[in-house]
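Quick caveat, the model's predicted, so the values are computed rather than measured. We name chains A, B, ... by the order of the sequence lines, and we start the count at 1 in each one.
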Protein chains: 2
Amino acid sequence: MYFTLRRSSLWACNTVTTERVKGEHPRLNRDLVLDTAAELVKQQGVEALTMRKLAAELGTAVTSIYWHVGNRESLLTELVARTVAELGEIRPRGRTPRDRIVSLARTLRRELRAHPHLVALVHERGRTEQMFQPVAQALVHEVHAAGLRGARAAQAVRAVQFQVVGFVVLERYRERAPVQRPGEQELWDADTAGQDPALARALAAEVDVDRLFAASARALVDGLLGPA
Amino acid sequence: MYFTLRRSSLWACNTVTTERVKGEHPRLNRDLVLDTAAELVKQQGVEALTMRKLAAELGTAVTSIYWHVGNRESLLTELVARTVAELGEIRPRGRTPRDRIVSLARTLRRELRAHPHLVALVHERGRTEQMFQPVAQALVHEVHAAGLRGARAAQAVRAVQFQVVGFVVLERYRERAPVQRPGEQELWDADTAGQDPALARALAAEVDVDRLFAASARALVDGLLGPA
DNA sequence: ACCTGAACACCGTTCAAGT
DNA sequence: ACCTGAACACCGTTCAAGT
């Protein structure tokens, strides 16, 4: 049997928030709803963010939430915007523009991976664009410093953004799905790999995503800027 | 009021399949379930693939489906596998290995974009790995021909796969989400872009994904193989 | 071996009614 | 202005019962 938690029974349940458990219930407002929703997502993932669970967490009726945030869609949108704003500022490191661009890529990836709930949120809402934002300014600056101009510079900025975000999204997928890739082996043994056992071995092994990313980012930037 | 369609009332409804509408109902089997599910996804998207809609489409009870395919999860898994198998074989074009790798990347992207329901499916199920498969063999061959060996060759193969699939996934996101990027402008006007009006203009404009992909793929491959 | 309806435990959202 | 319960239209899945 399903029932919504009443405010008065909040103490009895496995609540997510810690600060609010023992005190009085403050008046419900938009910020409180959003904070609680964010906490829920952070601790139990986006799929746990249902209007009913959120209401239980807040100790209110489900319908009260609607008065403050409209509906689930706009709640998620607001949550994404907030989390993006919370991302640390991304500052480049390294001597050459080339190094600094690679460092920006690496830092953006680290930052996004440190907020997996954000990626999941964006995932769910289809607003990947927002994940591009944090490095935008810095990338423009560095690409310009590297000597690229006009449309070509813009394209380089976008290429790096797409690579990083695409990579992070793919990584998240891989983490969700269990390993199971049956029959992949046979693809490699046939032709070329037979002559190159080290290649065959490398392809059979688990992907080292950190190294793969580092190599990809470096290669892309090298390709974009031309030989040093 | 919700009710499931009975076999006898199939003719009366807006069914998705065309071939089966007027005929007798063949005996329900696994393949029929999968075919109908695939058709549903192709025409109305993954989100339309509910067990109940599928049952209505088949003219059976919802529960009958479970006997043949287990549950929704395994139904989707099987659907993904099938669609991957249906993808056309991807053959490289061009004179140099470098050109052929770029061509493989481009063709994989085109192939995946031609099956948007596949991407959506994989999306939903978190099995991105499978989208890598179609080009695997060919990529290994070309990377080897380009002179890369061992772990380095393997990494190049993966880098290209990740780039293409990541790009396609991102593209799909962007298509789902309406344009709306408020306040992006101000990021560019400030610093560097002020000195480079062409850059500012390019950044303000919509992204030309085809050109961006072409440039990215070329840059990545150049970076991976080193200067020609 | 295959198909059924009923039931269970969930969803998001609307709405009239309360204070 | 804010909060409520009841209700609606959906979900996926299980299960005992039929043929």
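Separating the CH2 atom of Trp67(A) from the P atom of dT4(D) is a distance of 13 Å, rounded to the nearest angstrom. Between Arg30(B) atom CZ and dC3(C) atom C1' there is a gap of 18 Å when expressed in whole angstrom units. The distance from atom CD1 of Ile65(A) to atom P of dG12(C) is 9 Å, rounded to the nearest whole Å. If you measure from atom CG of Leu28(B) to atom C1' of dT4(C), you get 12 Å, rounded to the nearest angstrom. Atom-to-atom, CG of Leu54(A) to C1' of dC11(C) comes out at 14 Å; the value is rounded to the nearest Å.
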Checklist entry - Could you run down nucleotides 13-19 of chain D 5' to 3' and tag each one B, S or - for protein heavy-atom contact under 4.0 Å? => result BBB----
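When the side-chain hydrogen bond (donor to acceptor under 3.5 Å, both in side chains) test is applied to Glu86(A), no partner is found at least two apart in sequence or on another chain. Ala138(B) meets the side-chain contact (heavy atoms from CB on, under 4.5 Å) test with Leu104(B); sequence neighbours excluded. Under the side-chain hydrogen bond (donor to acceptor under 3.5 Å, both in side chains) criterion, Arg113(B) pairs with Glu171(B), Glu175(B), sequence neighbours left out. Shown here are the salt bridge (charged side-chain N to carboxylate O under 4.0 Å, His left out) partners of Arg82(B), two or more places apart in sequence or in another chain: Asp31(B), Asp35(B). Among residues two or more places apart in sequence or in another chain, the ring-ring contact (aromatic ring centres under 6.0 Å, His included) test is passed with His68(A) by none. Looking at residues two or more places apart in sequence or on another chain, you find a ring-ring contact (aromatic ring centres under 6.0 Å, His included) between Phe213(B) and Phe167(B). Considering only residues two or more places apart in sequence or on other chains, Phe132(B) meets the ring-ring contact (aromatic ring centres under 6.0 Å, His included) condition with Phe162(B).
Between Asp210(B) and Arg110(B) there is no salt bridge, since no side-chain nitrogen of the basic residue lies less than 4.0 Å from a carboxylate oxygen of the acidic one.
Taking side-chain N and O atoms only, Ser64(A) has a distance below 4.0 Å to OP1 or OP2 of dT4(D). At least one side-chain nitrogen or oxygen of Thr50(A) sits closer than 4.0 Å to the OP1 or OP2 atom of dC11(C). For the pair His68(B) and dA1(C), the criterion of a side-chain N or O lying under 4.0 Å from OP1 or OP2 is not met.
The two residues Leu34(B) and Leu79(B) come nearest to each other via the heavy atoms O-CD1, 3.6 Å.
Both key distances under 3.5 Å define a Watson-Crick or G-U pair, and stretches of 3 or more such consecutive pairs in DNA chain D run C:4-8 with D:12-16, C:12-16 with D:4-8.
Going from the P atom of dA9(C) to that of dC10(D) covers 22 Å, rounded to whole Å.
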